[in-house]
Amino acid sequence: MTLPLVVGVDGSDCSLQAVDWAADEAARHDVPLRLVYASMWERYESGVPGIDEERPSERVLAEHIVASAADRAARRAPDVKVTTDILPEDPADALLREGNNACLVVTGSRGRGELKGLFLGSVGLAVAGRSYCPVVVVRGDPAGLAGTHERILLGAGGPASGGAAARFAFREAAVRGCPVEVVRAWRRPTVDAPAQEGGEPQASALLDELLRGPAADYPDVRVRIVTAEGPAHRILVHRSAAADLVVLGARRRHGHRGLQLGRVVHAVLHQADCPVAVVPQIG
């Protein structure tokens, strides 16, 4: 059974961007698309008819949102099978649960009702920080959203945290027919970070170990390796302006219910100029 790609919808502009991106992604990978609307209000209103016929109930609004999203996805990717669901749950909890039976979970950068000044909404942050399934937060400028740069950007962590992310990035590059730019940041040795903990030679060695497996699995994917001096989050945010997707790894510890995002991932989620994939590394 092919696992679906799940996208959270709520009728916001950011949600519609997520639907467009998810429809394209489902078509690229030939997987079903599942559109999910979740709201706690649905729990309270379930089975109760609207009192004021001129003001639709939350259920009617939810049905309109998912129907509109499904129509949008079908027009954008007519060969993709689209299903919908309305869930009486907290949106973040619903998407986390949906991720247990999905190949990918996609969210917009902000939800309906959230302040426009927010870099990243609460649902996107919660799902990216807790999911055991890869998550893509759809954000960025028009070029990044449209995928016109034809480049995947991989922020290379160590093998313990970045192995799954590296495989995800190479798979994306293979299906898109584009190269992977692999970035490893390094810092000059200081009193706080002696030579054995940093430096360009070690950065290159870590990249060799990290990429050996994915490169063998996807030999046709072109790879450009960049070792850059400076803070990793600043380098990745800067280079995201010329990428279609930034891929980052995040370690997941069983039994830990809080957000499990490192400083780099957190910063890129808030500031990148293109969609960001957070790929969990279990351990």
Side-chain angles (χ1 to χ4, degrees), residues 2-99 101-116 118 120-128 133 135-142 144-147 274-276:
T2 302
L3 293 177
L5 188 160
V6 172
V7 56
V9 299
D10 65 5
S12 66
D13 290 342
C14 292
S15 168
L16 296 179
Q17 290 178 346
V19 169
D20 290 345
W21 192 94
D24 293 343
E25 184 75 352
R28 277 191 288 265
H29 290 274
D30 191 24
V31 298
L33 181 64
R34 176 169 164 80
L35 307 178
V36 174
Y37 176 98
S39 170
M40 295 296 290
W41 283 105
E42 166 63 14
R43 176 178 298 176
Y44 305 133
E45 287 196 354
S46 181
V48 179
I51 298 174
D52 183 356
E53 295 183 358
E54 294 182 359
R55 186 170 184 268
S57 69
E58 183 75 10
R59 176 76 191 191
V60 173
L61 176 62
E63 290 173 349
H64 172 73
I65 287 173
V66 296
S68 297
D71 180 66
R72 186 183 182 101
R75 285 185 282 109
R76 190 169 182 100
D79 294 331
V80 171
K81 180 183 177 181
V82 179
T83 60
T84 65
D85 207 350
I86 299 170
L87 304 174
E89 298 180 53
D90 171 79
D93 290 342
L95 291 176
L96 287 168
R97 184 176 56 77
E98 289 286 324
N101 294 291
C103 62
L104 182 67
V105 174
V106 178
T107 77
S109 59
R110 288 190 307 274
R112 180 164 56 97
E114 290 186 305
L115 298 176
K116 290 186 177 181
L118 291 175
L120 179 64
S122 58
V123 173
L125 185 61
V127 176
C133 169
V135 174
V136 170
V137 175
V138 178
R139 57 166 301 116
D141 59 26
L145 291 170
C274 68
V276 179

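Everything quoted here is computed from the prediction, not taken from an experiment.
V106 places none of its side-chain heavy atoms less than 4.5 Å from the side chain of V135. Taking 4.5 Å as the limit, every side-chain heavy atom of R34 sits out of range of all side-chain heavy atoms of T84. Looking at E25 and V31, their side chains never come closer than 4.5 Å, going by heavy atoms from C-beta outward. V136 places none of its side-chain heavy atoms less than 4.5 Å from the side chain of V276. For the pair L33/L35, a side-chain contact is recorded, criterion being any heavy-atom separation below 4.5 Å from C-beta on. Contact annotation: the side chain of L145 approaches that of V138 to within less than 4.5 Å [non-hydrogen atoms, C-beta and beyond]. Taking the side chain as every heavy atom from C-beta outward, I86 and E63 approach each other to under 4.5 Å.
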Are L104 and V6 close enough, and set up right, to give a side-chain contact (heavy atoms from CB on, under 4.5 Å), and what steps lead you there? CA-CA 6 Å; L104 182 67; V6 172; over 6 Å; no
Determine, step by step, whether D71 and R75 satisfy the salt bridge (Lys or Arg N to Asp or Glu O under 4.0 Å) criterion, reporting the C-alpha distance in whole Å, the side-chain angles of both residues, the deciding distance to 0.1 Å, and the verdict. CA-CA 6 Å; D71 180 66; R75 285 185 282 109; 2.9 Å; yes
Worked check of side-chain contact (heavy atoms from CB on, under 4.5 Å) between Q17 and R139: CA-CA 8 Å; Q17 290 178 346; R139 57 166 301 116; over 6 Å; no
Kindly determine whether V7 and T107 satisfy side-chain contact (heavy atoms from CB on, under 4.5 Å), including the steps that lead there. CA-CA 6 Å; V7 56; T107 77; over 6 Å; no
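Of all non-hydrogen atoms in A77 and A23, the two that sit nearest each other are CB-O, 3.7 Å. The minimum heavy-atom distance linking I65 with D10 is given by the pair CD1-O, 3.3 Å. Contact record, G11 with S15: N-OG, 3.8 Å, taken as the closest heavy-atom pair. When all heavy atoms of P32 and L3 are compared, the pair lying nearest together is CD-O, 4.0 Å. Minimum interatomic distance between L87 and A94 (heavy atoms only, all atoms of both residues): CD1-CB, 4.1 Å. In terms of heavy-atom proximity, C133 sits nearest to G99 at CB-O, 3.3 Å.
Here the OH atom belonging to Y37 is positioned 10.5 Å from the CZ atom belonging to R59, to the nearest 0.5 angstrom. Atom CG in D93 sits 12.0 Å away from atom CD in E98 (nearest 0.5 Å).
The number of heavy atoms from other shown groups lying within 6.0 Å of CG (D141) is above 12.
One N or O on the side chain of R76 and one on the backbone of D20 form a donor-acceptor pair closer than 3.5 Å.
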